[in-house]
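Let me begin by presenting the structure, written as structure tokens, before commenting on it.
Model, not experiment: these values are computed from the prediction. Worth knowing before you read on, the calculation uses all heavy atoms, side chains too, and leaves out hydrogens, waters and symmetry mates. Within every chain, numbering begins at 1; the chains are lettered A, B, ... in the order of the sequence lines, protein sequences first and strands thereafter.
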Number of protein chains: 2
Amino acid sequence: MTTQGSVHDCNSIPRIALHGPGPAPVPPEVLEAMAQPVLGHLDPAFGRIMTEVSEHLRTVFRTTNAMTFPISGTGSAGMEAAIANTVIPGQPIVIGVNGAFGNRLIDMARRYDATPIPVTAPWGETISDNDIADAVDKSGAPVVAMVHAETSTGIAQPLQNLRKQLGPDPVLVVDAVTSLAGSPLEVDDWGIDVCCSGSQKCLSVPPGLAPITFSARAVAHAAKRSDARTPWYFDIGLIARYWTHDGGARSYHHTAPISMIYGLHEGLRLVLAEGLEPRFRRHEEAGRHLQQGLEQRGFRLLGTKATRLPQITAAATPPQIDGPEVRRRLRKEHALEIGGGLGEDADKILRIGLMGHGATIDAANAVLTAIDSVT
Amino acid sequence: MTTQGSVHDCNSIPRIALHGPGPAPVPPEVLEAMAQPVLGHLDPAFGRIMTEVSEHLRTVFRTTNAMTFPISGTGSAGMEAAIANTVIPGQPIVIGVNGAFGNRLIDMARRYDATPIPVTAPWGETISDNDIADAVDKSGAPVVAMVHAETSTGIAQPLQNLRKQLGPDPVLVVDAVTSLAGSPLEVDDWGIDVCCSGSQKCLSVPPGLAPITFSARAVAHAAKRSDARTPWYFDIGLIARYWTHDGGARSYHHTAPISMIYGLHEGLRLVLAEGLEPRFRRHEEAGRHLQQGLEQRGFRLLGTKATRLPQITAAATPPQIDGPEVRRRLRKEHALEIGGGLGEDADKILRIGLMGHGATIDAANAVLTAIDSVT
């Protein structure tokens, strides 16, 4: 086949330093992996890559769950797979809400005829374990869903003691889209049953995959729901035959996104080569450096030192600074992307990500210097 | 950041000639496009790429539908988005079933509490327009779903006269996963309301995106359903704000799979540079050459000359040939992938794809020669 017009438009794609709320910068090794020759989704060589992806995801999620794999969609697809495989139509689900992604969980749960019971805190604050446990006691909810790292506010919700408060019964679903591989997350130790994430945040892989893990208990819970309306594409009972397959032959569910899985495979290799603890420290150092610099410049950070995530910082602009104009100028004059706010007062908030490959003190300084030059 | 262990496993990925039912071979330009620097999902430069992707998809789907874009998942995600945005809980949906993918549509429709009314033909045969129209008349179904190119059997379902038989009312959903860009498909002329496909077949892009188009009528139908349970991730009412946005600012729904969209953008450029008619002819010539060669070797092809697709051929093996063994040896000795059957008698069927970049007479000869050497 001859291909006409060999200059393709993609060569003109600008290089932008990605310091918004995601996608994060992608290291060249990952992009190179994605350009490797495509294999069939049932090819034995691809099966070996899948096995390694699951193994590496277990290491990063800190779990032994067999059912650990990427959903073939972006982070929100992982959130929906987590909800769709756990909620029971007509029954309550307790959902912690202190930002945009808690609200998204509510929207998703309603679509499966579950009854969301929101336990709220103001945006920028954390939710009390007691309030969650009380809501479960009062409602008898079989499922609790929490956002670990609220990308809309940059706040970490402490989860290490929640299971103790909840007791053994409710299925605990956690959105770890922005925390996985960036700050400590202990799926097994914290008693999390379902944990979902995205490839494009602290894993530093392009958007397109949603790593997820289900405890054996969550898998049994998903299967025994009698009136479930799980979408076919997200049904872990079907996906299991392809991804976990109990050591037998993998059988076809959907045609997996081969090139994206190459990218995730390589991204996970880089994460493990660095080590989780050093990676968390790197995020911590870069994020704290940025946060200090922003406070020195009159930005008001959401939350407290104890609750702020290092990888994503939400900062309210001082009165003299026009947030959207700063973002436009950073993009235009400095080839630098940072994000705006979500929800109310979105224009008064800047969100700055130092995630994955982009979590360095140098990057923090580059962002601060660029902000100085446009304000 | 330093990256340890610079030899990554992906460099050891074998080059396999992909002639199964998908994924199809991917031209180097597309892989190169996917390795371009990642942009943010709201970056203006990425917005321009999105606009071009929608424009080019309209050309390939042969439609003027504004709501034309890729779903951020693989082909099956597109099928589910098509079903989830059209079915009405408690109401019938007429579904043509003459292979595995018709059955999949039934499975999907049930999950939204619609009542599937299957109109069946034996695997390998086509479904009569009259039977479909009768089923609609009897049931009053507001939605009809058909598979245009049954990947499980290699059969083309003629759709050019169905709308006339149906009259103007029912919303017509068509799965064109294997036909788009490989054989004629006329979304507007044939009165199709929703048409979904996959990136990894005749478009020759890696799996991971599901091009889809909705007529204005289908968009209105989706919005007015009172008891809809559309998954959040597939809800075209929400996705529209990001992809079609009526000329205003694109607003965040989910973080789009940037690199995959680069690949689709480049893949579509190659399709349009070749031209649809020459591309269909290329598929036709390669497929007919393969089919003739298979018949000469004693394979029995499903369907008739008039109903067989050129891009995917399902062939029943002669008694002396062991299908699974042939596939293993082709993969091992010839670095060549072909597929097995789906459903009953799967082991007696070989499925051979000559799709997209792989649809050439040379490829057909290579497959035939390799089969000769192992049988």
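- Closest approach of E337(B) and G40(A) over heavy atoms only: OE1-CA, 3.4 Å.
- Interface check for chain A: of the options D235(B), I16(B), L42(B), the most heavy-atom pairs under 4.5 Å are formed by D235(B).
- Counting heavy-atom pairs closer than 4.5 Å to chain A, the top-ranked of the candidates Y252(B), W232(B), F46(B) is W232(B).
- Residue L238(B) touches chain A through its side chain alone, counting heavy-atom pairs closer than 4.5 Å.
- If you measure heavy-atom distances from A256(B) to chain A, the contacts under 4.5 Å come from the backbone alone.
- Residue pairs that meet the salt bridge (charged side-chain N to carboxylate O under 4.0 Å, His left out) test with at least one member in residues 74-85 of chain B, sequence neighbours left out, do not exist here.
- The closest donor-acceptor contact from the side chain of Y233(A) to the backbone of T74(B) lies under 3.5 Å.
- In this structure, the portions of V38(B) lying under 4.5 Å from any heavy atom of chain A include both its backbone and its side chain.
- Residues P14(B) and L39(A) are in side-chain contact: their nearest non-hydrogen atoms beyond the backbone lie under 4.5 Å apart.
- In plain terms, the two heavy atoms of L31(B) and A35(A) that are nearest each other are CD1-O, 3.5 Å.
- Between R229(B) and R111(A) the shortest side-chain heavy-atom distance does not fall below 4.5 Å.
- Ranked by non-hydrogen atom pairs under 4.5 Å with chain A, the options G208(B), A359(B), S76(B) are led by S76(B).
- Distance alone, capped at 3.5 Å, places no donor-acceptor pair between the Y112(A) side chain and the P231(B) backbone.
- Of all the listed residues (V26(B), D43(B), L342(B)), the one sharing the greatest number of non-hydrogen pairs under 4.5 Å with chain A is D43(B).
- In this structure, the side chains of I258(A) and P206(B) stay at 4.5 Å or more apart for every pair of heavy atoms.
- Only the side chain of D113(B) has a heavy atom closer than 4.5 Å to any heavy atom of chain A.
- A distance of 5.5 Å separates CD1 in I13(A) from CD in Q36(B), rounded to the nearest 0.5 Å.
- The shortest heavy-atom contact between G22(B) and H41(A) is O-CE1, 3.3 Å.
- Only the side chain of M260(B) comes within contact range of chain A, judged by heavy atoms closer than 4.5 Å.
- Among A77(B), P44(B), P21(B), A45(B), the residue making the largest number of heavy-atom pairs under 4.5 Å with chain A is A77(B).
- The residue among H254(A), Q200(A), R331(A), R104(A) with the most heavy atom pairs within less than 4.5 Å of chain B is R104(A).
- With a threshold of 4.5 angstrom between heavy atoms, T230(B) approaches chain A through its backbone and through its side chain.
- Minimum interatomic distance between P23(A) and T255(B) (heavy atoms only, all atoms of both residues): CD-CG2, 4.1 Å.
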